[in-house]
Amino acid sequence: MAVNEPLPGTSDLWEPEVSDWLLLENKAREVFPRYGYSELRTPIFERTEVFVRNLGSETDVVQKEMYTFQDRGGRSLTLRPEGTAGVMRAIANRGLDQGEEARVFYFGPMFRGERPAAGRRRQFHQVGVEAVGADSPWMDAECIAMLTHFIEELGIRGGKVMLNTRGLPEDRDAVSAALKEYFLPHVGGLCEDCQRRLDSNVWRMLDCKNPACHEVALEAPKILDLLCDTSRDFFARVCQGLRDLGVDFELAPRLVRGLDYYVHTVFEITHSGLGAQDALAGGGRYRISLPGDKRTLEGIGFAAGMERLLLARESLGLKTEAGAQTDTYLISLGENAILAGLKLAGELRTKKLGGRVKADFSARSMKAQMRTANREGASVVLIQGDDEIAKGVVTCRNMKTSEQATVSLAELAAWLTKHA
RNA sequence: GUGGCUGUAGCUCAGUUGGUCAGAGCGUCUGGUUGUGGCCCAGAAGGUCGCCGGUUCGAGACCGGUCAGUCACCCCA
């Protein structure tokens, strides 16, 4: 049995869950193009270098979560742990003219070697967007609005937009210095991680979840207050754009997010229906150097966890229930009839009649076949035995009303149209 | 990677202080007369009690390990 179970953190997806996934994918394909974004599909594995370069060799994702392997040529390849790096690589490969923008969306499986928990899998799925070559704050506002639009279209209420800014790279030293100065006197009472972070990554001390650290971080200087005028002005425009678009948001002064390439806007959407991993989506503005391109490209993007979107829907009672598997069920009595059933089913499909047509080839009793038809939720049952075949008719039963009629093959189409 | 909880038929679970304890409900299959579902009744199939080892006269029950699930931490989506 164990050999048949999917690997930890992966799962087989059956109906009716597949329907929920299709809904998600279809919504992405419906909503994002309305904002001028087009779908991009990149490979599921890349040269390891693509991710190391883009995410940074020091990040947790790169250091301990990637599925990396050697191919037959000895190259180091990695299953993508996130979507942005591959998208950037694809954009670099195609080239982006000065002033040109690339607005794309994507979705698909990502892979990280983590311990599975609620809303966290080893093969998980993200739907994300990237708008590269766009450096306007209004772009940020529109991007966040698009995300909330998408989430609302999925029927997910109760998501909260948490918004902050990290300012420009030039601001970083001043902010770090101020934070260090603030935290230094308190460091004795903080968790081990934060004691280390004081030197390695003081920004992250702001969003530590350890109660003692959080207490201290509450009084920390606000990043926004430490930024230059340019940064503050940029952020003010993002906020204004969101207000003009009618998007509710909360300022989250301690939201910093993990990756170093973020500049200016950072945001998350949180939802209470998820358990400990309460982030539905996260993103921000970034500056990235594309390989083989001297320019630094700026962009804005986000990624949403599809499993988490589905969990949020589930917490709101929106999970798809199991439904009928079959619309028209063909019962055949006797060997001759089975062959007739095979042919009739084929004709129905060719003529696009009867919806989902399933023929029973089991040669079981009438009763047994009827039971199966009923269990599968068939709305119509067509019965053929030697009698019907001899007369060139089909016994048609409407399973909802229990009406039954003997219908000639010529009239079958009309009957099905009426009852199916 | 760390910790808590869990692991018995397809599903949900009972199984007292180790000794007919391998069970129930649901589901499935078959039947309740000659070609008819959903209700009802009857019968049947189906599990080496996650796996390995140990303690014991004897373990599903106790111990150790391992695998898996789940929740939390870390980190993130």
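Here is the naming used below: chain letters follow the sequence lines, and residue numbers restart at 1 for every chain.
- When the P atom is compared between B:rG7 and B:rU12, the two are found 12 Å apart, to the nearest whole Å.
- Interface residues of residues 356-380 of chain A facing RNA chain B, ordered by number: A:Arg364, A:Ser365, A:Met366, A:Lys367, A:Ala368, A:Met370, A:Arg371, A:Asn374, A:Arg375; criterion, heavy-atom separation under 4.0 Å.
- Heavy atoms from other residues, nucleotides or ligands lying under 6.0 Å from NZ of A:Lys351 number 12 at most.
- Regarding A:Leu7, its CG atom lies at a distance of 8 Å from the P atom of B:rA68, rounded to whole Å.
- Residue A:Arg257 has a polar side-chain atom (N or O) positioned under 4.0 Å from OP1 or OP2 of B:rA77.
- Among the nucleotides B:rA77, B:rG37, B:rA72, the one closest to any side-chain atom of A:Met399 is B:rG37.
- One finds no salt bridge joining A:Glu114 and A:Arg122 here, because no Lys/Arg side-chain nitrogen approaches an Asp/Glu carboxylate oxygen to under 4.0 Å.
- For A:Arg308, counting side-chain heavy atoms from C-beta on, the closest listed nucleotide (B:rC76, B:rG38, B:rG35) is B:rC76.
- When the C1' atom of B:rG1 is taken as reference, atom NZ of A:Lys64 falls 7 Å away, rounded to whole Å.
- Remark: A:Asp140 engages A:Arg285 in a salt bridge, criterion side-chain N to carboxylate O under 4.0 Å.
- Ranked by how close their nearest RNA chain B nucleotide is to the 5' end, A:Arg115 and A:Gly385 are led by A:Arg115.
- Salt-bridge formation is detected for the pair A:Arg364/A:Asp360: a Lys NZ or Arg NE/NH1/NH2 atom is positioned less than 4.0 Å from an Asp or Glu carboxylate oxygen.
- Residue contacts shown for A:Glu114 include a base, since a base heavy atom lies under 4.0 Å away.
- At a threshold of 4.0 angstrom between heavy atoms, the contacts of A:Gln404 include nucleobase atoms, whether or not backbone atoms are also involved.
- Distance noted for atom C1' between B:rG15 and B:rG23: 8 Å (whole Å).
- Secondary structure note: stems in RNA chain B built from 3 or more consecutive Watson-Crick or G-U wobble pairs under 3.5 Å occupy B:1-7 with B:67-73, B:10-13 with B:23-26, B:28-32 with B:40-44, B:50-54 with B:62-66.
- For the pair A:Glu307 CD and B:rC76 P, the computed distance is 18 Å after rounding to whole Å.
- A straight line from CZ of A:Arg80 to P of B:rA77 spans 15 Å, rounded to a whole angstrom.
- Ring geometry for A:Phe105 against A:Phe32 counts as tilted: the plane angle lies between 30° and 60°, on a 0 to 90° scale.
- For B:rC76, one of the phosphate oxygens OP1 or OP2 lies less than 4.0 angstrom from a side-chain nitrogen or oxygen of A:Arg204.
- The side chain of A:Ala117 lies closest to B:rC71, out of B:rA77, B:rU36, B:rC71.
- Contacts of A:Gly334 with the nucleic acid, taken as non-hydrogen atoms under 4.0 Å apart, are absent.
- Residues A:Arg397 and A:Glu403 are not paired through a salt bridge, judged by the lack of any N-O separation under 4.0 Å between the basic side chain and the carboxylate.
- B:rG46 and B:rG4 have their C1' atoms separated by 35 Å, given to the nearest Å.
- Under 4.0 Å is where a charged nitrogen must lie from a carboxylate oxygen, and between A:Glu101 and A:Arg103 at least one such pair does.
- B:rA61 sits 11 Å from B:rG18 when the P atoms are compared, rounded to a whole Å.
- Straight-line distance from the CE atom of A:Met306 to the P atom of B:rA77: 16 Å, rounded to whole Å.
- Going from the C1' atom of B:rC49 to that of B:rC29 covers 25 Å, rounded to whole Å.
- With hydrogens and angles ignored, a donor-acceptor pair under 3.5 angstrom links the side chain of A:Arg112 to the base of B:rA77.
- Within the nucleic acid shown, A:Leu309 has no heavy atom closer than 4.0 Å to any nucleic acid atom.
- Rounded to an integer number of Å, the gap from A:Ile331 CD1 to B:rG37 C1' is 8 Å.
- A gap of 10 Å separates the P atoms of B:rA9 and B:rC51, to the nearest Å.
- Nucleotides B:rG25 and B:rG43, compared at atom P, are 11 Å apart to the nearest Å.
- Atom CG of A:Asp71 has more than 12 heavy atoms from other residues, nucleotides or ligands within 6.0 Å.
- Contact annotation for A:Gln384: no contact, since no heavy-atom pair falls under 4.0 Å across all strands.
- Using a 4.0 Å cut-off between a side-chain N of Lys or Arg and a carboxylate O of Asp or Glu, A:Glu39 and A:Arg29 qualify as a salt bridge.
- The aromatic rings of A:Phe302 and A:Phe267 sit perpendicular to each other, their planes meeting at more than 60°, with 30° as the lower class boundary.
- Using a 4.0 Å cut-off between charged side-chain N and carboxylate O, A:Glu376 and A:Lys358 make a salt bridge.
- The separation of B:rG53 from B:rG60, taken at their P atoms, amounts to 13 Å, rounded to a whole angstrom.
- Whole-Å rounding puts the A:Lys400 NZ to B:rU36 P distance at 23 Å.
- In this structure, A:Arg121 atom CZ and B:rA68 atom C1' are separated by 12 Å, rounded to whole Å.
- No salt bridge links A:Arg120 with A:Glu307; every basic N to acidic carboxylate O contact stays at or beyond 4.0 Å.
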